[in-house]
Amino acid sequence: MPLIELIDVVKRYKIGEQEILALDGINLTIEQGEYAAIIGPSGSGKSTLMHLLGCLDTPTSGTMLIDGIDVSRASGNKLSEMRNEKIGFVFQSFNLLPKLTVLQNVELPMIYAGVSSRERRERALVAIERVELQNRVKNTPLQLSGGQMQRVAIARALVNNPRIIFADEATGNLDSRTGANILQLFRELSTGGCTIVLVTHDAKIAAQTPRRIEIRDGKIVDAESMDPLLSGQTQLTPTA
């Protein structure tokens, strides 16, 4: 069973009297441990697709399964539960709280999950070590480089042991060398079994991922695996 499966997914928005078709019949499968990029120009539907995949919204029609659970018509509480248990997010702007230390920032998702203070600390330290920032646990974000802040954001995304990490333009505020290091870290995480989905408008970034999913005008127009190690995995069927 795929980790993510979308079947004939449509998303419409109403703005006043105008109806906007953001996604038009998306069919998509993503397997556990895949490292993929969703790419497309502004207005193509890629951000809408990420919002659906990240359980931040539900489709207008069609079926969406995350880890075997149908979330197509899920309530807000159910979507929140899915995000907390199965999904981590990494954003271009890092979204770290400037007055908190690295350790405290990484602990935040567990506070919302009701994890005890002792367990929070233990799990946060493991996640911080995983991104090689164990010597920075007492620093605040203002004392870190851009690449280090992004690593903190990744540690925070990892701390609840999610099945999937969604990264939205996660290297956009980084220099090319630091951005390449972050992309390599994502690849290592996927090798360890975590599914990584990047959302980007940058074809050069997408070219560094094993799989690329291109979306235009709300439709998938191209989907390919560029990594021979993934050649046997299920591929997308572009919609007409």
Side-chain angles (χ1 to χ4, degrees), residues 1-13 20-40 44-90 157-158 160-168 170 186-187 189-200 206 209-240:
M1 178 184 297
L3 181 61
I4 297 171
E5 185 172 12
L6 275 63
I7 304 169
D8 297 328
V9 163
V10 171
K11 183 63 181 180
R12 292 186 175 91
Y13 294 104
I20 296 174
L21 181 60
L23 296 177
D24 185 11
I26 297 291
N27 291 285
L28 166 66
T29 59
I30 297 176
E31 305 290 341
Q32 179 70 39
E34 278 202 84
Y35 179 19
I38 297 174
I39 188 170
S44 62
K46 65 183 187 299
S47 294
T48 300
L49 180 57
M50 190 200 76
H51 275 73
L52 293 185
L53 295 175
C55 292
L56 295 166
D57 202 354
T58 55
T60 304
S61 63
T63 301
M64 185 168 70
L65 304 173
I66 306 291
D67 201 16
I69 299 170
D70 189 343
V71 295
S72 310
R73 306 290 176 267
S75 66
N77 286 340
K78 182 62 177 178
L79 292 177
S80 178
E81 180 184 314
M82 291 290 291
R83 291 193 303 270
N84 193 51
E85 293 180 357
K86 298 181 183 295
I87 298 169
F89 293 95
V90 180
L158 287 170
N160 277 336
N161 298 314
R163 302 291 302 277
I164 316 156
I165 289 180
F166 292 103
D168 190 5
F186 283 142
R187 184 155 193 160
L189 292 171
S190 76
T191 300
C194 188
T195 300
I196 308 290
V197 179
L198 305 183
V199 179
T200 182
T209 64
R211 187 179 182 192
R212 184 181 67 190
I213 302 161
E214 185 174 357
I215 184 168
R216 289 180 181 272
D217 300 322
K219 298 176 181 285
I220 293 172
V221 297
D222 185 31
E224 61 179 320
S225 172
M226 295 176 285
D227 190 329
L229 294 177
L230 298 178
S231 59
Q233 293 191 357
T234 302
Q235 298 297 294
L236 297 178
T237 302
T239 55

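Keep in mind that this is a model prediction, so the values were computed, not measured.
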Practice prompt. Check the pair Thr195, Ile164 against side chain to side chain contact (heavy atoms under 4.5 Å, CB included), reporting the backbone distance first and the verdict last.
Written response: CA-CA 5 Å; Thr195 300; Ile164 316 156; 4.3 Å; yes

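- In this structure, CE on Met1 lies 12.5 Å from CD on Gln32, to the nearest 0.5 angstrom.
- Residue Cys55 holds its SG atom at 5.0 Å from CD1 of Ile66, rounded to the nearest 0.5 Å.
- The closest side-chain heavy-atom distance from Leu56 to Arg83 is below 4.5 Å.
- Side-chain atoms of Arg12 do not come within 3.5 Å of backbone N or O of Ile20 as any donor-acceptor pair.
- Once rounded to the nearest 0.5 Å, the distance linking CD1 of Ile165 with CZ of Phe186 reads 6.5 Å.
- In this structure a side-chain-to-backbone donor-acceptor pair under 3.5 Å is missing from Thr209 to Tyr35.
- Using a 4.5 Å heavy-atom cutoff, the side chains of Val71 and Leu52 are not in contact.
- A distance of 11.5 Å separates OG1 of Thr200 from CZ of Arg212, quoted to the nearest 0.5 Å.
- Counting all heavy atoms, side chain and backbone alike, Ile38 lies closest to Leu53 at CD1-CD1, 3.9 Å.
- Every side-chain contact (heavy atoms from CB on, under 4.5 Å) that Ala36 has, sequence neighbours left out, goes to Arg211, Ile213.
- Counting heavy atoms from C-beta outward, Ile87 and Phe166 have side chains that approach closer than 4.5 Å.
- Taking all atoms of both residues into account, the shortest heavy-atom contact from Pro162 to Ala157 is CG-O, 3.2 Å.
- Looking at heavy atoms from C-beta onward, Thr63 lies out of side-chain contact with Asp8 at the 4.5 angstrom threshold.
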Practice prompt. Apply side chain to side chain contact (heavy atoms under 4.5 Å, CB included) to Ile215 and Ile26, showing your working.
Written response: CA-CA 10 Å; Ile215 184 168; Ile26 297 291; 4.1 Å; yes

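- Put simply, the residue from Leu65, Asp70, Asn27 that forms a side chain to side chain contact (heavy atoms under 4.5 Å, CB included) with Glu5 is Leu65.
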Worksheet entry | CA sep, side-chain torsions, deciding dist, call: Thr29, Ile4, side chain to side chain contact (heavy atoms under 4.5 Å, CB included) | CA-CA 5 Å; Thr29 59; Ile4 297 171; over 6 Å; no

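- Between Asp168 and Met50, some side-chain heavy-atom pair lies under the 4.5 Å cut-off.
- Looking only at side-chain heavy atoms (C-beta outward), Arg73 and Pro59 come within less than 4.5 Å of each other.
- Taking every heavy atom of both residues into account, Val10 and Gly25 meet most closely at CG2-N, 3.6 Å.
- Looking only at distances, no side-chain donor or acceptor of Glu214 sits under 3.5 Å from a matching main-chain atom of Ile220.
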Worksheet item: Can you list the steps and then say if Leu21 with Tyr13 is a side chain to side chain contact (heavy atoms under 4.5 Å, CB included)?
Response: CA-CA 7 Å; Leu21 181 60; Tyr13 294 104; over 6 Å; no

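- Ser190 contributes no side-chain N or O that, together with a main-chain N or O of Ile196, makes up a donor-acceptor pair within less than 3.5 Å.
- Here the CG-SG distance, from Asn161 to Cys194, works out to 9.0 Å after rounding to the nearest 0.5 Å.
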Enumerate donor-acceptor pairs with a distance under 3.5 Å from any side-chain N or O in residues 75-82 to protein atoms, sequence neighbours excluded.
unit_1 : atom_1 : unit_2 : atom_2 : d
Ser75  : OG     : Lys78  : N      : 3.2
Lys78  : NZ     : Glu81  : OE2    : 3.3

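- Identified under the salt bridge (Lys or Arg N to Asp or Glu O under 4.0 Å) test for residues 52-68, with sequence neighbours left out: Lys11-Asp57, Asp67-Lys86, Asp67-Arg163.
- Distance check, rounded to the nearest 0.5 Å: CD1 of Ile30 to CG of Leu6 gives 8.0 Å.
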